[in-house]
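This structure is a prediction, so every number in the text was calculated from the model and none was measured.
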Amino acid sequence: LALAATTALTASASAGDWYASTFGGFNQDDVISGVKGVDGQSGYVIGGTIGKRLGASWRIEAEASFRQNEVDIFGGAISADHDTQALTANVAYDFGSPDSQFRPFLLAGVGVATTRATFENIALARLESSGIISQVGAGFNYSVAPGVAVGASYRYSMGPTLEVFSTELSDGTNHSVLASLTFDLN
């Protein structure tokens, strides 16, 4: 009887605990406005996560993401592709009951990132910086079928800066608005 109870508790504790998600959306790179002639443009972000639910409200996850934006310098006389690749560990807190169809959440994460600017008009010119990235966010998930949810969220990330001759071209911050699709793996 004790073995049966332990098996039942273990099965119910692990059911639906693991999940995977994919996301994509709009990204705005904060290019330093104090640098005359440097203008950032909106771009995109894509990524995915593998996560585990820890009880009714907490989640931990590993995330891989890619952000890409264009940067124009001197009215477009010089253009650069500005991209950031990141790996982060996130912690999220879901509000409401686990049985709720609509679940808002808060998220925070930290990890490593590499930021690059590749200049299109200047042969072989490229800037690169690696370092710590952190992010905070808020959003919601909406269950559309058993084990499947769609979601939307906002993320603010702070990553490595890019500099040229001791002048900061990008302060490493990004604003992202995301749509996501999440599947339970159990």
Task: Non-hydrogen side-chain atoms of Thr182 and Val150 separated by less than 4.5 Å - done: no

Open item on the list: With side-chain contact (heavy atoms from CB on, under 4.5 Å) as the criterion, how do Tyr156 and Gln135 come out once you've worked through the C-alpha distance, each side chain's angles and the decisive distance to 0.1 Å?
Closed with: CA-CA 6 Å; Tyr156 175 74; Gln135 65 180 351; over 6 Å; no

Open item on the list: Between Glu128 and Thr115, is the side-chain contact (heavy atoms from CB on, under 4.5 Å) condition met? List the steps.
Closed with: CA-CA 6 Å; Glu128 185 172 310; Thr115 297; over 6 Å; no

- [ ] May I have the step-by-step check of side chain to side chain donor-acceptor pair (under 3.5 Å) for Asp83 and Asn69, ending in yes or no?
- [x] CA-CA 6 Å; Asp83 62 70; Asn69 293 77; over 6 Å; no

Open item on the list: Apply the hydrophobic cluster definition, ILVMFWY joined by side-chain contacts under 4.5 Å directly or through others, and give me every member besides Phe23.
Closed with: Val45, Leu178

- [ ] With side-chain contact (heavy atoms from CB on, under 4.5 Å) as the test, would you mind laying out the steps for Phe26 and Ser176 before giving the verdict?
- [x] CA-CA 6 Å; Phe26 167 84; Ser176 303; over 6 Å; no

Open item on the list: Grouping I, L, V, M, F, W and Y whenever their side-chain heavy atoms are under 4.5 Å apart, do Ile50 and Val91 come out in a common cluster?
Closed with: no

Task: Connected via hydrophobic side-chain network under 4.5 Å: Phe140 and Val148 - done: yes

Task: Of all pairs that satisfy salt bridge (Lys or Arg N to Asp or Glu O under 4.0 Å), the ones with a partner from residues 135-152, not counting sequence neighbours - done: none

Open item on the list: Other members of the hydrophobic cluster containing Ile46, with the 4.5 Å side-chain heavy-atom rule, please.
Closed with: Tyr44, Phe66

- [ ] Please check if any side-chain donor atom of Asp29 sits under 3.5 Å from a side-chain acceptor atom of His82, or the reverse.
- [x] yes

Open item on the list: Under a 3.5 Å cutoff, is there a donor and acceptor pairing between the side chains of Tyr19 and Arg59?
Closed with: yes

Task: Polar contact flag, side-chain donor to acceptor under 3.5 angstrom, Asp81-Gln68 - done: yes

Open item on the list: Is there a side-chain contact between Asn174 and Gln28 in this structure, where contact means two heavy atoms from C-beta onward sitting under 4.5 Å apart?
Closed with: no

Open item on the list: Between Asn186 (side chain only) and Trp18 (backbone N and O only), is there a donor and an acceptor less than 3.5 Å apart?
Closed with: yes

Open item on the list: Which residue is it: Ile133, Thr84, Asn27, Thr88? I am looking for the one with a side-chain contact (heavy atoms from CB on, under 4.5 Å) to Ser157.
Closed with: Ile133

- [ ] Run the numbers on Lys52 and Asp17 for salt bridge (charged side-chain N to carboxylate O under 4.0 Å, His left out), then give the verdict.
- [x] CA-CA 5 Å; Lys52 182 167 177 50; Asp17 287 350; 3.7 Å; yes

Open item on the list: Please say yes or no: joined through hydrophobic side-chain contacts below 4.5 Å, possibly via intermediate residues, are Ile60 and Val112 part of one cluster?
Closed with: no

- [ ] Can you spot which of Ser21, Ser65, Ser180 makes a side chain to side chain donor-acceptor pair (under 3.5 Å) with Thr49?
- [x] Ser21

Show me the side-chain donor-acceptor pairs of residues 97-110 shorter than 3.5 Å, one per line, residues at least two apart or across chains.
residue: Ser97; atom: OG; partner: Asp99; partner atom: N; Å: 3.1
residue: Ser100; atom: OG; partner: Ser97; partner atom: N; Å: 3.4
residue: Ser100; atom: OG; partner: Ser97; partner atom: O; Å: 3.2
residue: Gln101; atom: OE1; partner: Tyr142; partner atom: OH; Å: 3.4
residue: Gln101; atom: NE2; partner: Tyr142; partner atom: OH; Å: 3.3
residue: Gln101; atom: NE2; partner: Ser143; partner atom: O; Å: 3.0
residue: Arg103; atom: NE; partner: Phe95; partner atom: O; Å: 3.1
residue: Arg103; atom: NE; partner: Ser97; partner atom: O; Å: 3.3
residue: Arg103; atom: NH1; partner: Ala56; partner atom: O; Å: 3.4
residue: Arg103; atom: NH2; partner: Ala56; partner atom: O; Å: 2.9
residue: Arg103; atom: NH2; partner: Asp94; partner atom: O; Å: 3.3
residue: Arg103; atom: NH2; partner: Gly96; partner atom: O; Å: 2.9

Task: Partners meeting side-chain hydrogen bond (donor to acceptor under 3.5 Å, both in side chains) with Thr114 (sequence neighbours left out) - done: Ser130

Task: Short side-chain donor-acceptor distance under 3.5 Å, Glu63 and Asn90 - done: yes

TODO: Could you list the residues that satisfy side-chain hydrogen bond (donor to acceptor under 3.5 Å, both in side chains) with Gln85, not counting sequence neighbours?
DONE: Arg116

